[in-house]
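Worksheet: one structure, shown below.
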Amino acid sequence: MTDTPPRYQGVHDEISPLRRVIVHRPGPELERLTPDSREDLLFDEVLWRDRAEAQHSEFTALLTGEGVEVLELTQLLTDLLEDADVRSRLLGRALDPAALGDIAAQDLREAIADLPAAQLVDVMIAGITVSELRRLGVAPRSISLQHVPGEHLVLDPLPNHLFTRDSSAWIGDVVSVSPMRRSARRRESLHLEAIYRYHPAFAGASAPRRILGPGAGGAATVEGGDVMLLSPRVLAVGLSERTTAVGVERLAADLLEDGTVDTVIAIALPHQRSMMHLDTVTTVVDQESMLRYGPLGSLETFEIQRRGGRLVSRARAAGEMDEVLARGLGVESLRVLSAPLDAYAAAREQWDDGCNVLAIAPGKVVAYERAAATNEYLRAQGIEVLEFTGDELGRGRGGPRCMSCPVARG
Ligand SMILES: NC(=O)NCCC[C@H](N)C(=O)O
């Protein structure tokens, strides 16, 4: 008899029944998106806040209706910031003098350190302008804030918190807090790290065995949208516009060393905005099937393992990709599900996250309704598709998988 410890927590594959998930309902941060800032903030449009909020509520209601426990990021952060010690530590990291300037960081801290927790969370996610700083009774002394208009942002907003998949990802019972590639998203990870370290929802039997990532930096970037646990022992990672080879090798070294997984498969993606993460082009929908953007074709992969105390990476030609993925899933052959669309329709649905579905059980996925042809095709293949309206949310280039960080499945 094998002695398997009980799984109180964690995510051991992509499809086991989803139990608990972290999401972020968008809020005031969306009002900072303008035609001038949206590109730096990684959005393709300025979003209509009310509509985005309503669509996100539709998403969470759907998950709750399916028995999933939905944890709201703002609530988790608000709880944390009630504790003076945690508040002080988190502010110390988020108001980084290296990014803001020492005097600006001081100005900010003076203005916001004692705000009520909920208001402080709003500032940390929506950012704050010079005028707002003044309204809180602080005349900024930073030399960078002397001759700027009142609407100048002292602390940038984090509209991409919406995509909770990317800032952290569970791999079994450990969690990788992402060293993010883009500066517009780096503060997100600090929030997730604090939640996993200090929030009671992640204490005791629900605590991650280890937190990976903090302290990583430089070229070693990994974003959660590239992290895909094909089966409990095999992790696929997109080698993408966001996740670097250095990031993959560091993550693999860490996970393989303590036996969290046996194999890490790096998948060499094209470096393009439309497919910035692995999950924008493919997602697992049941034990043997992956939905895939048809025109993607086959890609080179690298199977990384640890042998005799050394890391070995074996390059596999693009033609072997499906075989490599099938091995990762632990099945004889992979069923690739690509909707039979012409190149135009396929590209349009992929851009609108048609391939970015969230499995909430084997063969049962959540999808945007606008991916109509892909959804219809999936149904014809026996997959249950639960749809919700997501056209406003999708303007940030993420779908249901991107908007969810599963913390417990099974
Ligand atoms: N996993 C994902 O593909 N997440 C979507 C991220 C979209 C976000 N606007 C970004 O560019 O980072």
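Counting convention: from 1, in listed order, for ligands and their atoms alike.
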Inset, instruction - Using a 4.0 Å heavy-atom threshold (strictly under), name the region of Arg401 that reaches ligand 1: side chain, backbone, both or neither. - result: neither
Legend entry - ligand 1 contact on Arg185 by region, counting heavy-atom pairs under 4.0 Å: side chain
Legend entry - Mutual orientation of the aromatic rings belonging to Tyr196 and Phe202 [parallel < 30°, tilted 30-60°, perpendicular > 60°]: perpendicular
Legend entry - For Asp279, the ligand 1 atoms whose distance to one of its heavy atoms is below 4.0 Å: 1 (N), 2 (C), 3 (O)
Inset, instruction - Find all atoms of ligand 1 within a distance of less than 4.0 Å from any non-hydrogen atom belonging to Thr280, and give their numbers and elements. - result: 3 (O)
Inset, instruction - Before giving the answer on side-chain contact (heavy atoms from CB on, under 4.5 Å), spell out for Leu212 and Leu251 the whole-Å C-alpha distance, their side-chain angles and the decisive distance to 0.1 Å. - result: CA-CA 8 Å; Leu212 315 180; Leu251 181 67; 3.9 Å; yes
Inset, instruction - State whether Arg401 and Asp279 are salt-bridged, where the test is any N-O pair (Lys NZ or Arg NE/NH1/NH2 against Asp/Glu carboxylate O) under 4.0 Å. - result: yes
Inset, instruction - Please work out which of Arg181, Arg273, Arg182, Arg397 has its closest non-hydrogen atom nearest to atom 11 (O) of ligand 1. - result: Arg273
Starting from [atom], locate the nearest protein heavy atom and write down its residue, its atom name and how far away it is, to 0.1 Å.
atom                    : value
atom 8 (C) of ligand 1  : Asn160 OD1, 3.1 Å
atom 10 (C) of ligand 1 : Arg242 NH2, 3.5 Å
atom 3 (O) of ligand 1  : His277 ND1, 2.8 Å
atom 4 (N) of ligand 1  : Asp166 OD2, 2.8 Å
atom 2 (C) of ligand 1  : Cys402 SG, 2.7 Å
atom 7 (C) of ligand 1  : Gly396 O, 3.2 Å

Inset, instruction - Could you tell me whether the side chains of Arg25 and Ser57 share a donor-acceptor contact shorter than 3.5 Å? - result: yes
Inset, instruction - Would you tell me whether His191 and His161 have side-chain atoms, one donor and one acceptor, within less than 3.5 Å of each other? - result: yes
Inset, instruction - Please test Leu239 against Phe302 for side-chain contact (heavy atoms from CB on, under 4.5 Å), starting from the C-alpha separation and ending with a verdict. - result: CA-CA 10 Å; Leu239 205 48; Phe302 301 85; 4.3 Å; yes
Inset, instruction - Could you tell me whether a side-chain N or O of Glu132 sits under 3.5 Å from a main-chain N or O of Thr129, the two making a donor and an acceptor? - result: yes
Inset, instruction - Compute the shortest N/O to N/O distance between Gly225 and ligand 1 and return yes if it is under 3.5 Å, no if not. - result: no
Inset, instruction - Mind running side-chain contact (heavy atoms from CB on, under 4.5 Å) on Cys355 and Val281 for me, showing each step along the way? - result: CA-CA 6 Å; Cys355 295; Val281 287; 5.6 Å; no
